[in-house]
Trainee: 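Next up is a structure, given as structure tokens.
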Number of protein chains: 2
Amino acid sequence: MFQVPAKTQYAIRALAHLARSGGDSAARISSAQNISVKYLEGILNQLKLSGIVVSDRGRGGGYRLSRPASEILMIDIVAAMEGDLRPVECVDDSTVCSMEAFCMPRRFWLGLKDSVEGYLKSVNLGDLAEEPLVTFCGTGQKKEHDNV
Amino acid sequence: MFQVPAKTQYAIRALAHLARSGGDSAARISSAQNISVKYLEGILNQLKLSGIVVSDRGRGGGYRLSRPASEILMIDIVAAMEGDLRPVECVDDSTVCSMEAFCMPRRFWLGLKDSVEGYLKSVNLGDLAEEPLVTFCGTGQKKEHDNV
DNA sequence: CCATATTCCTACTATTCCCATAGGAATTTA
DNA sequence: TAAATTCCTATGGGAATAGTAGGAATATGG
Ligand code: FES
Ligand code: FES
């Protein structure tokens, strides 16, 4: 139930890179973090639409965080990439059923959702960016470093 | 990152049914819970291999819980259907990388995993089975009841 | 002893989602 | 005006998910 998509992992690594570099182009993030350029472009665009990064087009342009890394919660990043957490349909779609408060399974899933959300709200991008990270962390590619 | 597969939802509903009925055949669970019989058979078999239910073959046979519902934790069910929780590869596969303690992203994912596991260990099947549940809960099918 | 109910096993299919790749248009600046 | 860059859209391969299908093995009740 709980595989984090590569896309989300890439987003986190790209943002950690931005947090430490203060801003960079897709091409440079791509080579520093070894993420496919074209794929990364789409990810950064998505992060931009969610207001997490801002971009400058044209020569000399690139991406920057829209606010301090400490103010970007991990849940913001996850939500930007995957939408709101929704373990099962009826948790956030009231048209699916009308049982709500009386349905035990729903309460169970809701509890799970709260638990995950609580954690994702308790960590921010600054927490990650301050520390060393392995370049390919989590994606099972190589084993090198990028400590800026 | 967090869609619960139909399979797992079916497993939970099937087990809640067993907890309340004290035992039943795949065919009857199927019609009570409106889950495809053949698909359900496979699910029940998987639950049997994990030791959550026991089965009797032949006429008059069927499935029963292997132990009291209160002793079956939700994490047991999830693990039976989906294997161990693993948000990212290197969380439980030490061959992926060697950074471990020093890698911040890894600590982050590990924390997420702990948070989810903690919750799934805090709820047991008895908690679910004691209360009303909507027949199609979570799967977005219909809106009926099954209060045994 | 045999018809029937049942689990158990294996193979197949359809659909959806994920992970990219590709090409180029639009924009900015040096 | 050339180069660097974001931005947009379309396509494809592969894996996972959800479900189907047929029948073998097994036990029971009559
Ligand atoms: S890549 Fe394995 S700990 Fe980060
Ligand atoms: S089916 Fe919606 S609350 Fe259970």
Trainee: Look at B/Ser25 and C/dA5 and indicate whether a side-chain polar atom (N or O) is within less than 4.0 Å of OP1 or OP2.
Mentor: no

Trainee: Could you check how far OH of A/Tyr63 sits from P of D/dA4, rounded to whole Å?
Mentor: 17 Å

Trainee: Tell me: CD of B/Gln9 to C1' of D/dT17, nearest whole Å?
Mentor: 13 Å

Trainee: Any donor and acceptor pair, going by atom type alone, linking the side chain of A/Thr8 with main-chain N or O of A/Val4 inside 3.5 Å?
Mentor: no

Trainee: With the criterion being N/O to N/O and under 3.5 Å, what pairs connect the protein with nucleotides 24-30 of chain C, and how long is each?
Mentor:
unit_1: C/dG24; atom_1: O6; unit_2: A/Lys38; atom_2: NZ; d: 2.6
unit_1: C/dA26; atom_1: N3; unit_2: A/Arg57; atom_2: NH2; d: 3.0
unit_1: C/dT28; atom_1: O2; unit_2: A/Arg59; atom_2: N; d: 3.0

Trainee: Report which part of the nucleic acid B/Gly42 touches: base, sugar-phosphate, or nothing (heavy-atom distance under 4.0 Å, all strands).
Mentor: nothing

Trainee: Taking it one step at a time, do B/Gln9 and A/Trp109 satisfy side-chain contact (heavy atoms from CB on, under 4.5 Å)?
Mentor: CA-CA 10 Å; B/Gln9 297 181 40; A/Trp109 295 124; 4.2 Å; yes

Trainee: Looking at C/dC8, I'd like to know if its phosphate oxygens (OP1 or OP2) sit under 4.0 Å from a side-chain N or O belonging to B/Ser55.
Mentor: yes

Trainee: Between B/Asp76 and B/Arg67, does any NZ, NE, NH1 or NH2 come within less than 4.0 Å of an OD or OE carboxylate oxygen?
Mentor: yes

Trainee: Return the orientation label for the A/Tyr10 and A/Tyr39 ring planes: parallel under 30°, perpendicular over 60°, tilted otherwise.
Mentor: perpendicular

Trainee: For the pair made of CD in A/Gln46 and P in D/dT6, what is the distance, rounded to whole Å?
Mentor: 16 Å

Trainee: From the set D/dG19, C/dC8, C/dT7, return the single nucleotide nearest to any side-chain atom of B/Ala26.
Mentor: C/dT7

Trainee: If you compare every side-chain N and O of B/Tyr39 against the phosphate oxygens of C/dT13 (OP1, OP2), does one of them come in below 4.0 Å?
Mentor: no

Trainee: For D/dT17, does either OP1 or OP2 sit under 4.0 Å from a side-chain N or O belonging to B/Tyr10?
Mentor: no

Trainee: Quick one: B/Phe2 CZ to C/dC17 P, roughly how many Å, whole number?
Mentor: 18 Å

Trainee: Could you go step by step and tell me if A/Leu110 and A/Arg106 meet the side-chain contact (heavy atoms from CB on, under 4.5 Å) rule?
Mentor: CA-CA 6 Å; A/Leu110 223 33; A/Arg106 184 173 192 271; 3.5 Å; yes

Trainee: Given D/dG19, D/dT5, C/dT21, identify the nucleotide with an atom nearest to the side chain of A/Arg28.
Mentor: D/dT5

Trainee: Determine, step by step, whether B/Asn124 and B/Ile72 satisfy the side-chain contact (heavy atoms from CB on, under 4.5 Å) criterion, reporting the C-alpha distance in whole Å, the side-chain angles of both residues, the deciding distance to 0.1 Å, and the verdict.
Mentor: CA-CA 6 Å; B/Asn124 66 59; B/Ile72 297 174; 5.9 Å; no

Trainee: Rounded to the Å, how far apart are B/Lys7 NZ and D/dA16 P?
Mentor: 12 Å

Trainee: Return a table of donor-acceptor pairs under 3.5 angstrom between the side chains of residues 49-57 of chain A and protein atoms on other chains or two or more places apart.
Mentor:
unit_1: A/Ser50; atom_1: OG; unit_2: A/Gln46; atom_2: O; d: 3.2
unit_1: A/Asp56; atom_1: OD2; unit_2: A/Arg64; atom_2: NE; d: 3.4
unit_1: A/Asp56; atom_1: OD2; unit_2: A/Arg64; atom_2: NH2; d: 3.1

Trainee: Figure out the CD/C1' separation between A/Gln3 and D/dG14, and round it to whole Å.
Mentor: 15 Å

Trainee: Tell me the interatomic distance from B/Ile43, atom CD1, to C/dT7, atom P, rounded to whole angstroms.
Mentor: 14 Å

Trainee: Do any side-chain nitrogens or oxygens of B/Ser36 fall under 4.0 Å of OP1 or OP2 in D/dA18?
Mentor: no

Trainee: Quick check on D/dC7: is either OP1 or OP2 less than 4.0 Å from any side-chain nitrogen or oxygen of A/Lys48?
Mentor: yes

Trainee: Mapping A/Leu40 and B/Gly61 to their closest nucleotides on DNA chain C, which lands nearer the 5' end?
Mentor: B/Gly61

Trainee: Under 6.0 Å between the ring centres of A/Tyr119 and B/Phe108?
Mentor: yes

Trainee: In this structure, how many angstroms lie between the P atom of D/dT9 and the CG atom of A/Asn45, rounded?
Mentor: 10 Å

